[in-house]
Structure formats: structure tokens, C-alpha cells
Amino acid sequence: MILRERQNRIIEALRADGAASVQELARALRVSAATIRRDLEMLDRNGELVRTWGGAVVAPGATTREPPRGPHGGAPAGPGDEDDEVVEAPFEAAGDYDLKHRMAVAAAAMVQDGQVVILDIGTTTPLVAELLRGRDITVITTNLAVFDVLRDDDAVRLVLLGGVVRRNYRTLVGSLAEAALEQVSADVLFLSCTGVRANGHVVDNMAVEAPIKQSMIAAAERVVLLASEAKFPGTGALRLCSLTDVDTLITTTGAPDDTLAHSRNAGGEVITT
């Protein structure tokens with residue numbers, strides 16, 4: 001069995017069951033556990049699944065396939081049948097639109113004409129991009145949703161960094177993007193995360209995205225964290241930075257004061273929307 005065929009069968013198994021262990025996949029595909037581990041690491045880097053302890057789970061927002069069925073709900077449909085069509089979950093599946101929009105308004109108001117702005121991976125930064133249309137600024141991003149918002153805007157100088165496309169997350173990741181960010185000097189970064197811990201650690205749950213975010217932090221003179229109350233504590237174990245490293249935190253009214261104090265005590269600005 002060739003590599004891609006085996007990896008396709010791994011993904012199909014996860015879509016069917018939601019999760020699988022290394023041993024289960026090894027038995028089903030009749031290969032060694034070491035081979036499965038290498039496949040899972042590669043698929044995790046590509047954003048096609050999420051690696052877990054001892055196995056993997058289907059990636060959030062991943063494409064899903066309707067269970068095979070015949071015209072009367074019995075035998076599986078044949079190749080080319082409509083029931084074989086893959087349906088992708090929408091990028092905007094993330095909720096809390098109102099919270100994110102309020103933060104986006106505050107973020108866009110901070111940008112001055114002529115500035116170089118990095119817009120991070122995430123679902124809040126495209127809302128910031130919407131509010132920056134028509135501005136005399138430069139926007140640098142690896143976020144394909146941001147690119148879609150600004151691609152036809154003649155006023156904004158738009159820089160899309162290269163990398164591996166993660167279709168389900170509409171992002172570009174990998175060593176090419178990291179290398180490109182080493183050449184960037186920006187005025188401000190609008191940073192997203194998946195969680196802010198009580199000790200002030202800003203974390204993310206995507207191993208392939210964390211190095212990109214860290215490179216963005218290094219490339220920016222000013223770091224603005226966009227984290228709604230839903231991100232306290234949120235999820236994730238990969239540390240991006242601390243609140244003490246953030247110049248401005250934009251959040252919403254339900255964020256805990258004890259955690260926000262880490263930023264304020266370090267001289268950071270906290271904007272509550």
C-alpha cells in the first residue's frame with residue numbers, strides 16, 4: 001500500500017469514528033505502529049488530523065462524508081453518485097461573532113495610516129481586515145480568509161506569505177512562512193490564541209500554527225492580543241508568550257480581572273469591549 005493511499009484510509013477511519021488509536025490503525029492497515037506514528041505526525045503537520053496521546057482525532061472543521069447509502073437507504077452508492085460528494089464545514093463555524101466583532105472594531109481603531117500590520121491566523125482577524133479596507137496600510141498575513149477580504153482592495157498593500165495550505169483552516173503554515181517572517185519588520189501584530197491561562201500564559205492548541213505565531217511576535221514592534229472572555233482559560237498547551245509580553249490586550253467584559261492583572265501590572269494596556 002502506497003503512502004498516500006494509507007494516509008487516506010487513516011483519514012477515512014477518523015471521519016467515520018472521530019478517533020482511533022495507533023494500535024487500531026496498525027492492525028486495520030497491517031503495518032507497524034511506527035509507520036502509523038509517522039503518518040499521523042505528517043497528517044497533523046498538514047492539518048488533516050489532530051495528533052493525540054496514543055492516536056489521533058478528526059481535525060475540528062474537517063471535511064465530512066455522508067454515510068454511504070443507496071437510493072432507498074440500503075446498499076452503498078456507487079462511484080460518482082451524489083451521495084459520494086464531500087461537504088466542507090464552513091470556515092465561519094466558530095461562534096461568538098458579536099464578541100469578535102467588538103474586538104475587531106477596537107483593533108482597527110488602533111491602526112494608523114502608513115503602518116505595516118500583521119494579521120494572525122484565526123477567525124477574528126478577518127473581521128479586523130474588513131474594517132481596514134480602503135486604508136493606506138500594508139497587511140501581512142498567512143490567513144487566507146484575510147487574503148480573501150483584502151485581495152481586491154487597491155488601497156491596501158497586501159502581502160501573503162508562502163507555506164503549506166491547510167484547507168480546512170484556510171491558513172498557510174510551515175518553514176516557508178517562518179523563513180519569510182524573519183525578513184519582516186512590522187509596526188503591529190494582531191495576535192489570536194486558543195487560551196489564556198490564569199498564570200498569564202498565552203497558549204494555542206495547534207502545533208503547526210504555534211511556530212508561525214511566535215515568528216509573528218518576533219517580527220512586530222507592538223503585539224496586540226485579541227482574546228475574548230471565551231478564551232479565559234480556553235484550551236491549548238503550546239505557549240506562545242505571556243500577558244507580560246503583550247503591549248495591548250483587547251478582550252470582552254467577562255474576562256477575569258485576576259488574569260487581566262498580569263498585563264496591567266507589567267504596564268500593558270487592557271481594552272475591554
Side-chain angles (χ1 to χ4, degrees), residues 10-11 14-15 18-22 37 40-64 88-97 99-100 103 118-126 141-146 163-175 177-178 181 189-217 223-243 245-246 249-252 254-256 259 262:
I10 290 172
I11 293 168
L14 292 178
R15 287 175 179 165
S21 72
V22 169
R37 290 189 190 96
L40 295 182
E41 293 295 339
M42 182 182 299
L43 292 168
D44 179 74
R45 287 196 300 270
N46 291 341
E48 297 177 79
L49 55 76
V50 176
R51 188 77 163 88
T52 62
W53 181 261
V57 298
V58 66
T63 56
T64 57
E88 185 172 349
F91 176 73
E92 199 190 26
D96 302 324
Y97 175 84
L99 300 180
K100 294 177 181 182
M103 293 191 300
I118 301 176
L119 292 181
D120 185 20
I121 295 165
T123 54
T124 303
T125 46
T141 192
T142 60
N143 189 329
L144 294 175
V146 168
V164 178
V165 177
R166 303 179 77 216
R167 291 177 177 84
N168 291 331
Y169 295 92
R170 297 180 68 183
T171 60
L172 293 159
V173 298
S175 58
E178 292 175 50
L181 282 163
L189 160 66
F190 291 102
L191 177 70
S192 297
C193 68
T194 60
V196 181
R197 297 187 173 228
N199 62 6
H201 289 174
V202 180
V203 297
D204 201 83
N205 62 7
M206 291 290 177
V208 293
E209 293 182 2
I212 303 295
K213 293 172 180 281
Q214 290 162 345
S215 296
M216 288 178 172
I217 292 169
V223 177
V224 179
L225 177 64
L226 306 173
S228 74
E229 60 202 62
K231 300 295 177 69
F232 294 80
T235 61
L238 302 170
R239 182 176 171 183
L240 303 177
C241 62
S242 294
L243 286 180
D245 303 317
V246 170
L249 168 61
I250 299 179
T251 187
T252 52
T259 307
H262 290 289

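- The two residues Glu229 and Thr251 come nearest to each other via the heavy atoms N-OG1, 3.9 Å.
- In this structure, Ala20 and Leu14 approach most closely via the heavy-atom pair N-CD2, 3.5 Å.
- Across Ile250 and Met103, no two heavy atoms sit closer than the pair O-SD, 3.4 Å.
- Formation of a donor-acceptor pair under 3.5 Å by the Ser21 side chain with backbone atoms of Gly55 is not found in this model.
- For the residue pair Asn143 and Thr125, a side-chain donor N or O sits within less than 3.5 Å of a side-chain acceptor on the partner.
- Judged purely by atom type and a 3.5 angstrom limit, Ser228 has no side-chain atom pairing as donor or acceptor with the backbone of Lys100.
- If you take CG on Asn205 and OG1 on Thr235, they are separated by 4.5 Å, rounding to the nearest 0.5 Å.
- One distance of note links CG of Leu240 with CD1 of Ile212; it measures 11.5 Å at 0.5 Å rounding.
- When every heavy atom of Cys193 is checked against every heavy atom of Val202, the shortest pair comes out as CB-CG1, 3.6 Å.
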**Request:** For side chain to side chain contact (heavy atoms under 4.5 Å, CB included), just list the numbers for Val165 and Leu144, CA-CA rounded to whole Å, side-chain angles, deciding distance to a tenth of an Å, and then say yes or no.
**Result:** CA-CA 9 Å; Val165 177; Leu144 294 175; 4.1 Å; yes
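- For the residue pair Leu181 and Ser215, the shortest heavy atom distance occurs at CD1-CB, 3.6 Å.
- Atom CD1 of Ile121 sits about 3.5 Å away from atom OG1 of Thr142, to the nearest 0.5 Å.
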**Prompt:** Given the rule in the side chain to side chain contact (heavy atoms under 4.5 Å, CB included) test, do Leu49 and Asp44 qualify, once you have shown the distances and angles that lead to the verdict?
**Reply:** CA-CA 5 Å; Leu49 55 76; Asp44 179 74; 3.9 Å; yes
**Asked** side chain to side chain contact (heavy atoms under 4.5 Å, CB included) between Ser192 and Lys213: does it pass, once the steps are laid out?
**Response** CA-CA 8 Å; Ser192 297; Lys213 293 172 180 281; 3.9 Å; yes
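- Note that CD of Glu209 and OH of Tyr169 are 7.5 Å apart. Values are rounded to the nearest 0.5 Å.
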